[in-house]
Structures are given as structure tokens and as C-alpha cells.
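Below is one structure; the comments refer to it alone.
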Amino acid sequence: MEGQRGTRVVDRRSLLRAGGLVAATLATSSACDFVSIDPLGDTASDIDESAAQGPEAPALAARVGRGELPPLAQRLPANPMVVTPVERAGVYGGVWRTGLLGRADSSWLTRTLGYENLLRWKPDWSGVVPNVAESYDVNDEGTEFTFTLRKGMRWSDGSSFTADDIVFAYNDVLGNEELSTTRPVFFSDKGGFATVTKLDDQTVRFTFSQPNGLFLQRLATPDGAALTMYPFEYLRRFHKKHNPDVDSLVRESGAKDWVELFESHGGSSSTLWTTVHPVLFAWVITTPIGQGSRVIAERNPYYWKVDTQGRQLPYLDGVTYSVVPDVELLTLKTLNGEIDMMDRNIGTLNNKPIFAKKRRSGGYHFYDTRQAYMNSAVIALNLTHDDPVKREIFTNKDFRIGLSYAIDRKEIIDVIYLGVGEPYQVGPRPDSPYYNERLARQYLDYDVAKANQHLDRAGYPRRDSDGRRIGPDGNPIFFVVEATISGEGPEWVDLMELVKDYWAAVGVQTRVRNLDRSILDDRRDANKQDASVSLGFGGGFDVLLDPRWFFPYNSSDNAYRWVQWYQSEGEEGTEPPAAAQRQQQLYEQIKTTIDPQRQQDLMAELLEISAEEFYAMGIAMRQGAYGIQRNNFHNVPPVVFDAWQYPSPAPTNPCQYFMTKA
């Protein structure tokens with residue numbers, strides 16, 4: 001067994017050290033493997049550097065001159081949002097070329113195009129600031145949140161944006177059971193869902209029955225986008241509450257019912273990127289996902305932000321997203337100079353030597369991404385498995401500790417992560433205000449003797465003739481670990497092949513299954529997986545907002561039935577152990593206090609319990625991420641946070657990015 005293990009691992013390491021899967025693909029691929037598509041014209045010649053001081057884009061000024069658009073003063077709100085450029089005021093023109101990894105990669109659209117919430121994060125993630133809202137006010141109890149909107153603000157079709165749009169989104173879209181199963185949970189408390197009141201055309205108030213200590217922060221995350229994505233005047237004709245003749249439109253369109261009609265016109269978060277409808281974004285999609293090999297977005301003439309000189313943003317004429325089927329083709333497009341700025345999917349350690357070699361000839365450079373993800377690979381056993389035998393094994397803390405000690409993280413870092421990183425468990429990062437050293441550093445040593453001690457202590461000392469540990473049902477312990485090579489973890493399958501051998505050496509048999517990302521997610525959401533690998537979310541400033549790895553909160557990665565119980569207040573799922581219930585109680589207290597220090601103290605107590613329970617195991621602190629930026633693409637900060645709750649790079653205001661002639 002040992003000899004077979006050693007031979008196979010050495011062969012795999014040799015392959016990986018030779019450059020990995022991406023390098024191997026690049027070596028055997030050519031530019032003819034994909035079709036190079038021009039964006040919206042020649043981006044260099046489209047840039048008008050002489051228009052640097054004009055109040056609006058020359059193309060829009062020409063449309064005003066032809067009577068096709070109102071003057072700029074009539075298109076901007078009375079108090080537009082002012083964006084301070086990172087480097088300097090930009091010039092108008094040019095098209096930002098980037099890419100999507102398949103049609104399902106809509107989160108990159110959110111991160112680059114669709115982040116226009118009532119509030120937004122400050123670029124340095126130090127707090128929230130008004131965005132669509134001109135200002136906001138919170139009462140002393142933290143139960144009333146009043147938002148003043150920008151007078152004269154308009155949707156991209158020129159219609160007015162008012163409090164009616166917020167009320168419609170909250171009551172008639174999110175609150176309509178035919179359109180939405182439920183409103184996002186942060187709109188609720190123990191007393192039920194908040195009420196929203198229109199005070200006047202520019203003012204709305206959300207009222208809760210008890211303090212909502214995380215409401216403002218939630219509004220700055222992608223979850224907060226729902227309030228500003230449904231234009232009332234445009235969508236009301238497709239909604240049965242607001243159009244008594246909607247059935248005639250259903251018949252004319254051939255839709256199944258009014259819900260399908262409504263969603264087909266952009267009335268759903270799932271159809272946001274597949275339709276053309278009014279938006280508040282800097283660029284308006286004209287060719288949506290599913291209509292060819294590109295997504296195309298063009299300048300919004302009614303965009304409501306200006307630079308410090310009072311010039312209307314965005315500087316860039318548009319954005320084009322090449323839709324490619326795999327990471328290798330996206331990497332090739334980057335090397336060919338067809339990507340202007342991007343980090344998602346391509347900013348991997350395996351790619352970095354390739355990109356570094358081509359930097360000078362390719363005319364681009366790197367920007368850093370500061371990680372909020374605390375671990376590159378979290379291995380989660382399904383603690384609420386429907387199989388009682390596997391559930392008994394997985395919920396045994398000594399079993400999990402034994403598996404953790406059996407992993408040679410240093411070797412994984414050398415082989416998989418090219419020597420970049422350090423062994424790390426599932427805990428907030430050292431630069432997070434919530435860092436807990438015990439949680440982050442325990443059970444990291446590669447110690448086969450300790451691994452065997454804990455696995456024996458777990459109750460499984462007996463082995464068969466092949467050295468396999470015998471479980472409580474009298475059969476060898478065996479389970480499947482599901483991973484995917486798409487999205488955040490292209491290395492996970494390779495990594496788990498190494499882990500599989502480490503675990504086999506201490507008598508635990510596993511198999512690694514490579515699944516499509518969507519299938520893997522569906523299986524986890526249905527509680528069908530034995531174990532899975534995922535990214536370490538919630539490790540930076542977002543610990544309070546995404547604590548999924550620290551207690552049974554909202555993810556099905558490792559405790560689906562406990563999460564069901566928590567979210568349904570005991571009506572569904574399985575009652576968690578006392579420790580997990582205590583964490584759930586602590587988090588409810590966090591949500592109902594508006595005192596930041598009190599929130600931090602409560603989270604510290606919650607994380608101490610996480611350290612004691614050791615729900616999941618990590619491999620290495622996520623490091624070395626970066627983005628690619630062409631040298632003539634400007635106003636990207638030198639360091640950009642990388643997180644989903646801070647949907648990078650959106651909080652840096654991409655509307656102020658600009659290009660110069662190459």
C-alpha cells in the first residue's frame with residue numbers, strides 16, 4: 001500500500017510541478033481554438049483624449065444636438081453622486097473588454113456592472129456610504145431606517161426613479177409569493193418582515209419591530225441590489241396587481257402566465273442579465289446572455305454620477321464580455337491582449353508565471369487583490385448526512401481531528417500552490433478584526449501518529465487485512481468527496497487526490513468525484529453529498545455577514561439539516577447540538593444590537609465555540625491572487641478587495657475607469 005501510494009503521488013507531483021493543467025493546455029492549444037471578436041469598434045481610435053474637459057461624452061453631446069436626448073442638466077439628478085477618480089479625471093471613449101466563464105458566470109456581471117444599491121461600501125471597505133440614496137438616517141433604537149433619494153434621478157430609459165420603485169420592489173416583487181418564495185432574510189426579524197412606507201416621492205422608511213444591527217451593511221452587499229432593480233413604470237404593465245388587463249398581454253406574448261411574462265421582461269433576479277430593460281447602471285446591456293458569444297453593454301445617457309469636475313460618468317463607452325466555455329480559453333484571450341482588466345477566474349497561481357512572462361510584450365501589469373477568503377480549500381464532511389452511519393462517523397470530532405492531522409499541508413502548498421501560502425484552518429484571517437488564533441492554527445501539523453491516535457479514539461481502531469478502518473456498521477469506512485475544477489477552485493480535484501492518499505495511509509478510504517459546479521451545488525442543497533470542497537468565505541471584514549463556516553447559518557456545505565432547523569425556527573430539519581444552538585442564539589443577538597463593539601464581543605464568543613467544535617478543516621490561507629490590467633487602462637486601485645459581500649471591483653466605482661490610446 002505504501003509503495004503504491006508513493007509511486008502514484010510522485011507521478012502526479014511531477015506533472016503538477018511541470019506547470020499544471022493550465023500550462024499543459026496552453027502548450028497544446030493555439031489561437032485558432034477560439035474566434036477573436038472585435039468589441040464595439042476599435043477601442044483605441046474611439047478614445048477622444050481632446051474631450052477630457054467636456055461635461056459629457058461627445059457621442060451623447062451629438063445626440064443632444066440632434067434632439068435625440070435632453071440636455072445633460074435635465075438628465076442628471078439635482079445632487080448627483082460625486083466620484084473621486086483613483087488617479088485622475090479620465091477621457092471619454094473606449095470599450096472595456098472582459099470575459100465570462102460560461103453563461104452561468106453572472107456574478108462577474110454583478111461585480112462589474114450591476115452594483116447600484118441604495119448604499120455601497122467605501123472602496124477601502126471601512127463602512128457604507130450613500131449611493132442611489134442621497135442620504136439616510138437611523139433612529140436611536142435601530143428600528144427605523146429612512147432613505148432620501150436623489151431628486152430628478154432617472155432610469156436608463158429616462159423615466160423617473162422615485163420612492164414608488166422601492167415600494168414596488170419590496171412589496172410587489174420580493175413580497176409577492178408567486179414571484180418570490182420569500183424576501184431576503186435580512187428584511188425580517190422575530191416580529192416578521194419590515195414594513196416600507198413612502199413618505200414622499202424622494203423618501204422611504206423601513207420599520208422593524210426590533211433593532212436590525214446589520215441592515216445597513218446588508219444593503220451594501222449584492223443582496224441589497226433587489227431594491228433598485230425593478231422599474232415600476234416599466235414593469236407595472238406586466239404585473240397582475242397593477243394591470244387588470246395583464247391576461248391579454250399574456251395571451252399576446254404566448255407566455256404561460258403573468259409570472260412568466262413579468263420575469264421575461266426583467267422582473268426577476270434570475271432574468272436580470274438575459275433581458276433588455278431599464279436599469280440604474282453605468283452601462284445598459286444591449287446584447288444579453290444567451291444571444292451569441294458576447295454580452296454587450298453601452299453607455300447609460302441618464303447615469304447619475306459625475307467626477308470631481310462635474311463631468312458625467314462613465315468615461316468608457318461600453319463593456320463587452322466574451323463568453324467562453326473554460327478557463328484555458330479565457331487565459332488565452334488575456335495573453336492575446338483581448339482582456340483589458342479582470343481578476344475573476346484567471347488570477348490563479350498557476351497562471352501567474354505565464355502572465356508574468358508575457359507582461360512586457362502584452363502591454364499589461366498586475367494589480368493585487370486583498371483576500372477576504374480565508375482558505376483556498378475547505379473540506380467539509382456532511383455533519384447532517386441522511387445516512388445514520390456516515391452521520392455518526394462525520395459528527396465525531398476526533399474523526400475530523402484525525403483526518404486533519406493526516407494531511408501534509410506543506411506538501412500540498414508546494415505542489416498545488418507553487419509554494420505560496422501557509423497551512424491554515426477555517427478561521428478569520430490575521431488581518432480581520434475577528435481573528436481567533438486557536439480557530440485558525442489548531443490541528444495543522446502533519447502528524448500521522450496523532451492522526452492514528454485520534455481515529456482510534458473516535459472508536460475505529462479495528463482494521464481489515466488491507467489496513468482499512470472498520471466503521472460502526474462493520475464495513476470499511478468509505479466516503480466520496482465532491483469537488484469541481486470550475487470557478488473558484490480549479491485545483492481542488494488535484495488537491496483532493498493528494499488528500500485521498502494521506503487519508504488512505506491512516507486507514508480511511510475515499511474517492512474524489514469531479515462534478516460540474518451547478519450539479520455540485522444542487523447536491524449540497526439537497527443534502528446528498530458525503531463531503532465537499534469549497535472556498536473559505538467570510539474571512540475578512542465580512543465575518544458578521546457571511547459566517548457560514550463558523551456555525552450552521554445559511555449554507556448546506558456541512559450542516560444542511562441544522563441550517564433548516566435554524567432558519568425555520570425549529571419547524572424543519574434536525575435540532576442541532578447545544579453548542580451550535582448557542583452560536584445561533586449569539587448570532588441573533590448580533591443582529592439585534594446596533595453597538596459595533598457589542599457585535600464584535602458576541603462574535604468573539606461565537607468563534608470560540610467554533611474553535612471548540614472544529615466543524616470543518618482547511619488547507620491553506622488563500623494568497624497570491626491578482627488581476628490583469630492593460631497599461632492603457634486607468635483608475636483601477638493598486639489593491640482591490642476580493643470578496644462576494646464586497647463584490648469586487650464594484651465598490652471602486654468602475655464608472656471612473658478609463659482608457660488612453662495604446
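Residues: numbered from 1 along the sequence shown.
Remark: E178 CD is packed, more than 12 non-hydrogen atoms of other residues, nucleotides or ligands lying under 6.0 Å away.
S532 is listed as a side-chain neighbour of D557, based on a closest heavy-atom distance under 4.5 Å. Residues H277 and L272 have side chains in contact (heavy-atom distance under 4.5 Å, counting atoms from C-beta outward). Side-chain contact between R150 and P80 is absent, with no heavy atoms from C-beta onward closer than 4.5 Å. Two residues are said to be in side-chain contact when any heavy atoms from C-beta on lie closer than 4.5 Å; L219 and F147 meet this criterion. Side chains of L60 and Y92 form no contact here, defined as non-hydrogen atoms less than 4.5 Å apart. No side-chain heavy atom of D105 sits under 4.5 Å from any side-chain heavy atom of Y321. Residues F262 and S268 have side chains not in contact (no heavy-atom distance under 4.5 Å, counting atoms from C-beta outward).
Between E260 and A255 the shortest heavy-atom distance is OE2-CA, 3.2 Å. The shortest heavy-atom contact between Y302 and L69 is OH-CD2, 4.0 Å. Annotation for I166 and L149: closest pair CG1-CD1, 4.3 Å, computed over non-hydrogen atoms. Contact detail for F238 and H265: the closest heavy-atom pair is CZ-CD2, 3.4 Å. Nearest heavy atom pair, residue V64 against residue P71, reads CG1-CA, 4.0 Å. Across every non-hydrogen atom of V173 and S180, the tightest pair is O-OG, 3.0 Å.
Residues R97 and T320 bring no donor and acceptor atom of their side chains to less than 3.5 Å of each other. With 3.5 Å as the limit, one finds a donor-acceptor pair spanning the side chains of E588 and Y566. For the residue pair T593 and D595, no side-chain donor N or O sits within less than 3.5 Å of a side-chain acceptor on the partner. Side-chain contact annotation: S107 with R344, donor-acceptor N/O pair under 3.5 Å present. Under 3.5 Å, the side chains of Q645 and Q217 contain no donor-acceptor pair of N or O atoms. If you check the side chains of Y115 and N131, you find no donor sitting under 3.5 Å from an acceptor. Side-chain N/O atoms of Q567 and N554 include no donor and acceptor closer than 3.5 Å.
Residues that satisfy the ring pair (Phe, Tyr, Trp, His ring centres under 6.0 Å) test with W155, not counting sequence neighbours, are F161. Applying the side-chain contact (heavy atoms from CB on, under 4.5 Å) rule to D522 yields no partners; only residues at least two apart in sequence or on another chain are considered. Residues forming a side chain to side chain donor-acceptor pair (under 3.5 Å) with R236 (at least two apart in sequence, or on another chain): E233. Residues satisfying the side chain to side chain donor-acceptor pair (under 3.5 Å) test with R523, not counting sequence neighbours, are E482. With sequence neighbours excluded, the residues satisfying side-chain contact (heavy atoms from CB on, under 4.5 Å) with E68 are R63, R66. The side chain to side chain donor-acceptor pair (under 3.5 Å) test applied to R548 returns D546, not counting sequence neighbours.
Looking only at distances, no side-chain donor or acceptor of W562 sits under 3.5 Å from a matching main-chain atom of T384. Judged purely by atom type and a 3.5 angstrom limit, D542 uses its side chain to pair as donor or acceptor with the backbone of G540. Using a distance-only test at 3.5 Å, with no hydrogens or angles considered, a donor-acceptor pair links the side chain of Y587 to the main chain of L544. D157 places no side-chain N or O within 3.5 Å of a backbone atom of P278 that could act as its donor or acceptor partner. In terms of modelled atom types and a separation under 3.5 Å, the side chain of N558 and the main chain of A380 share no donor-acceptor contact. No donor-acceptor pair closer than 3.5 Å links the side chain of D165 to the backbone N or O of P231. Although no hydrogens or angles enter the test, the distance criterion places no donor-acceptor pair under 3.5 Å between the side chain of N117 and the main chain of R120. Under a 3.5 Å cut-off, the side chain of N79 and the backbone N or O of K151 do not form any donor-acceptor pair. Using a distance-only test at 3.5 Å, with no hydrogens or angles considered, no donor-acceptor pair links the side chain of Q312 to the main chain of A57. In this structure, the side chain of D245 does not engage the main chain of S248 through any donor-acceptor pair within 3.5 Å.
In this structure, F187 has its ring center under 6.0 Å from that of Y170. Aromatic rings from W96 and Y657 are positioned such that their centres are separated by under 6.0 Å.
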- Item | Derivation of the side chain to side chain contact (heavy atoms under 4.5 Å, CB included) call for V323 and V295 | CA-CA 7 Å; V323 183; V295 174; 4.2 Å; yes

- Take Y230 and Y234 through the test ring-ring contact (aromatic ring centres under 6.0 Å, His included) and record every step on the way to the result. CA-CA 8 Å; Y230 301 114; Y234 174 77; over 10 Å; no

- Test F145 against F215 for ring-ring contact (aromatic ring centres under 6.0 Å, His included), laying out the working first. CA-CA 9 Å; F145 299 80; F215 185 58; 4.8 Å; yes

- Task: Take W108 and L101 through the side chain to side chain contact (heavy atoms under 4.5 Å, CB included) test and state the conclusion after the steps.
- Result: CA-CA 9 Å; W108 185 238; L101 189 59; over 6 Å; no

- Would D201 and K198 count as a salt bridge (charged side-chain N to carboxylate O under 4.0 Å, His left out) if you check the C-alpha gap in whole Å, the side-chain angles of each, and the deciding distance to 0.1 Å? CA-CA 7 Å; D201 282 348; K198 173 186 174 182; 3.2 Å; yes

- Step by step, would you call V279 with M229 a side chain to side chain contact (heavy atoms under 4.5 Å, CB included)? CA-CA 7 Å; V279 294; M229 68 166 56; over 6 Å; no

- Test W644 against T110 for side chain to side chain contact (heavy atoms under 4.5 Å, CB included), laying out the working first. CA-CA 10 Å; W644 174 240; T110 298; 4.0 Å; yes

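To the nearest 0.5 Å, atoms CG (D343) and CD1 (I339) are separated by 11.5 Å. With rounding to the nearest 0.5 angstrom, the OG1 atom of T484 is 6.0 Å from the CG atom of N514. Here I346 contributes atom CD1 and K333 contributes atom NZ; the two are 12.0 Å apart, rounded to the nearest 0.5 Å. Between the NE2 atom of H385 and the NZ atom of K528 there is a distance of 9.5 Å, given to the nearest 0.5 Å. With values rounded to the nearest 0.5 angstrom, T148 atom OG1 is found 8.0 Å from D137 atom CG. Atom CZ of residue R111 and atom OG1 of residue T98 lie 12.0 Å apart, to the nearest 0.5 angstrom.
Y303 pairs with exactly one of E116, M153, R75, E56 by the side-chain contact (heavy atoms from CB on, under 4.5 Å) rule, that one being E116.
Between W125 and W121, the angle of the ring planes goes over 60°, which puts this pair in the perpendicular group of the 30/60° scheme. Taking the six-membered ring for Trp and thresholds of 30 and 60 degrees, W258 and H239 have ring planes inclined between 30 and 60 degrees apart.
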